[in-house]
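Heads up, the thing below is written out as C-alpha cells.
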Protein chains: 2
Amino acid sequence: MKKFSLEEVKDLDLTREIDQLKKTFFKNSTAVMDHAVLFEYEPKEMVLTLGTELDHIYFILKGRAKIYMVHENGKRSLVQFIHGADMIGELSLLEVEKQTKDIMAVDKLTCLAIPIAIAKTILLHDNLFMNDLSKYLAQKLLLRVNHFANGQNYELKYRLATYILEVEVNGMYVEKKTETAEFLGVSYRHLFHTLTLFQQEGLLLKKGKHFLINKPALKTLEIKNFF
Amino acid sequence: MKKFSLEEVKDLDLTREIDQLKKTFFKNSTAVMDHAVLFEYEPKEMVLTLGTELDHIYFILKGRAKIYMVHENGKRSLVQFIHGADMIGELSLLEVEKQTKDIMAVDKLTCLAIPIAIAKTILLHDNLFMNDLSKYLAQKLLLRVNHFANGQNYELKYRLATYILEVEVNGMYVEKKTETAEFLGVSYRHLFHTLTLFQQEGLLLKKGKHFLINKPALKTLEIKNFF
DNA sequence: ATATTAATAGGAGATATATCCTATTTTGAG
DNA sequence: CTCAAAATAGGATATATCTCCTATTAATAT
C-alpha cells in the first residue's frame with residue numbers, strides 16, 4: 001500500500017474522479033479535502049482484514065475490490081464487488097459495525113481517504129452529505145437483497161446466463177471463472193459443470209480461454225431486474 | 001385497514017410507542033406529528049402490494065409485518081420481518097426504489113404514517129433525522145447481508161438450531177413452522193424433515209403442537225453472530 | 001354451524017449443488 | 001528464467017434441498 005498526498009495527484013490522472021467526488025458527496029463539505037490522502041493498493045492486496053479498527057473512510061476512485069464475510073466455519077462468502085464511487089467504512093463511520101469485513105483489492109485500487117474523526121465532525125453534520133449517504137445505503141440495501149434473494153430463488157443456470165449477459169464484452173464472456181463462481185455463490189466445480197452444459201446446448205462457444213456467447217439463446221434464461 | 005387521527009390514540013395504548021418515536025426519529029422535527037395519522041391493519045392484510053406508489057412513510061408502532069420480494073417466476077421470498085420502530089417506505093422517501101415490495105401484516109399492525117411530501121420537506125432537511133435514518137439503513141444492510149450470507153453458507157440444521165434458540169420462549173419452540181420455513185428460506189417440507197431429525201437426535205421433544213427444546217444440544221449447532 | 005383456507009405431517013423421488021480428487025496450463029514473483 | 005501459486009478442467013460420489021403427492025387437523029370467515 002502506498003500513500004500519496006493530494007498534491008501528487010496530477011500524474012495519477014485522477015482529477016476527474018476527484019472532481020466527481022467533490023460534486024457529489026462533498027458538495028457542501030469541501031473542507032474535508034484538506035485532510036484527504038490517497039491510498040493505493042496492489043492487486044490482491046488486503047485493504048482491510050477482519051476486525052481492523054478503521055481510522056479512515058475511503059472513497060474508491062479507481063479499481064475494484066471484493067468484500068468478504070468470514071464465517072465461523074472458516075468459509076467465506078463474497079458479499080459484493082465495490083468500485084468507482086463506492087465507499088469503504090461507511091458502517092464504521094455510523095458506528096453500526098462491530099468488526100470490519102475482509103476487503104481485498106482486485107485490480108490496482110486507488111482510494112481517497114478521510115480520517116474518521118474529520119468525517120464525523122464535518123460530514124455527519126452536512127445535510128447534503130447525509131442525504132447522499134442515505135441514498136447510497138438504500139441503494140446498497142436494495143442491490144444486496146436483490147442479489148441474495150435471486151440466488152435463493154433461481155438456480156445457477158439462470159443467474160449465470162444473466163450474469164454473462166451483464167459482463168459480456170463484444171459478444172465475449174471473458175471474466176475469470178473463479179470470480180464468477182464467488183460472485184454467484186456457487187462452487188467452482190459446479191460453475192464449470194454448468195458452463196459445459198451451456199456449451200453443449202450451444203449457449204457458449206469456447207474460443208481459447210474465453211467464450212463466444214449466443215446472445216438470443218442466453219436471453220431466454222435471463223432474469224429481469226437482476227442488477 | 002382503519003385510519004385514526006392522533007387524538008384518538010389514548011384508547012389504543014400507543015402513547016409509549018409514539019413518545020419513543022418523538023425521542024428518536026422526530027427529536028428535531030416534532031412538526032411532522034401535526035400531519036401524522038394512524039393506520040391499523042388486520043392480520044394477513046396487505047399493507048402494500050408490488051408496485052404501489054407510496055403516499056406515506058410508515059413507522060411501525062405495534063405488530064409485525066413481512067416484506068416479500070416477488071420474482072418473475074411467480075415465487076416469492078421473504079426478505080425480512082419488520083416490527084416495532086421499523087420503517088416502511090424509506091426507500092421511496094429516498095427515491096431509490098422503482099417499485100415497492102409486497103408487505104403483509106402478520107399480527108394486527110399499527111403504524112404512524114407521515115405523508116411523503118411532508119417527510120420530504122421536513123425530515124430530509126433535519127440532520128438529526130438523517131443521521132438516524134442512515135444508521136437505520138446501515139443496520140438493515142448488515143442484518144440482511146448477514147442473514148443471506150449465512151443462508152448461503154450454513155445448511156439448514158445450523159440455521160434452524162440458531163433460530164430456535166433465538167425465538168424460544170421458556171424452553172419451548174412455539175413459532176409457526178410455515179413462518180420459520182419462509183424466514184430460513186427453505187421449503188416447508190425440508191424444514192419438517194429437519195425437525196424430525198432433531199426429534200430423533202433428542203434436540204427437540206414434541207409437546208402437543210409445540211416443541212420442548214434441548215438447549216445445550218442445540219447450542220452445539222449454533223451459529224455465532226447470526227442475528 | 002358450516003365451509004373454506006391454512007397449518008401440520010410425511011412418503012417417494014428427483015436434482016441442483018457440494019465435496020473431494022487429480023492434472024494441466026497460466027500467471028506472477030523473485 | 002525458474003518456481004510456486006492460481007486458474008482451468010473434469011471425473012466420481014454424496015447430500016442438502018426441492019417438487020409433487022396425499023391426509024389430517026386447526027383456524028377463520030360467512
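Side-chain atoms are counted along with the backbone in the values below, which use heavy atoms only and exclude waters and symmetry mates. Below, chains carry the letters A, B, ... as their sequence lines are ordered, and counting in each starts from 1.
- Salt bridge status for Glu179(A) with Arg64(A): present, with a side-chain N to carboxylate O gap under 4.0 Å.
- Under the 4.5 Å side-chain criterion, counting only non-hydrogen atoms from C-beta, Tyr41(B) is not in contact with Met46(B).
- The aromatic rings of Tyr154(B) and His71(A) stand perpendicular to each other, their planes meeting at an angle above 60°, with 30° marking the opposite boundary.
- Side-chain N or O atoms of Thr100(B) include one that pairs as donor or acceptor with a backbone N or O of Thr52(B) at under 3.5 Å.
- In this structure, CG of Asn153(A) is placed 15 Å from P of dT17(D), rounded to the nearest angstrom.
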Letter by letter from the 5' end, nucleotides 14-21 of chain C scores (B base, S sugar-phosphate only, - none; protein heavy atoms under 4.0 Å) --SBSBB-
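- In this structure, the side chain of Gln99(A) does not engage the main chain of Leu50(A) through any donor-acceptor pair within 3.5 Å.
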Pairs: protein N or O with nucleotides 22-28 of chain D N or O, under 3.5 Å:
{"unit_1": "dA27(D)", "atom_1": "OP1", "unit_2": "Lys209(B)", "atom_2": "NZ", "d": "3.0"}

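- Regarding Phe198(A), its CZ atom lies at a distance of 16 Å from the P atom of dG10(D), rounded to whole Å.
- Under the 6.0 Å cut-off for aromatic ring centres, His147(B) and Phe148(A) do not qualify, their centroids lying 6.0 Å or more apart.
- The two residues Leu94(B) and Ala138(A) come nearest to each other via the heavy atoms CD1-CB, 3.9 Å.
- Both cation-pi conditions hold for Lys177(A) and Tyr173(A): the charged atom is under 6.0 angstrom from the six-membered ring centre and inside a 45 degree cone around its axis.
- Spacing between atom NZ of Lys206(B) and atom P of dA7(C) amounts to 16 Å, rounded to whole angstrom units.
- The NZ atom of Lys108(A) sits 14 Å away from the P atom of dG28(C) (whole-angstrom rounding).
- Regarding Asn73(B), its CG atom lies at a distance of 14 Å from the C1' atom of dC18(D), rounded to whole Å.
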As a quick check of understanding, evaluate salt bridge (charged side-chain N to carboxylate O under 4.0 Å, His left out) for Glu168(A) and Lys215(A), giving each step before the final call. CA-CA 10 Å; Glu168(A) 154 260 337; Lys215(A) 228 178 205 172; 3.7 Å; yes
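- Within residues 167-184 of chain A, no residue places a heavy atom under 4.0 Å from DNA chain C.
- Put simply, CD on Gln152(B) is 15 Å from C1' on dA16(D), counting in whole angstrom units.
- Checked by atom type and distance alone, the side chain of Gln200(A) never pairs as donor or acceptor with a backbone atom of Leu197(A) at under 3.5 Å.
- One interatomic measurement links the two molecules: CG of Leu195(A) to C1' of dG11(D), which rounds to 17 Å at whole-angstrom precision.
- Within the cation-pi definition used here (under 6.0 Å to the ring centroid, within 45° of the axis), Arg76(A) qualifies as a partner of Tyr68(A).
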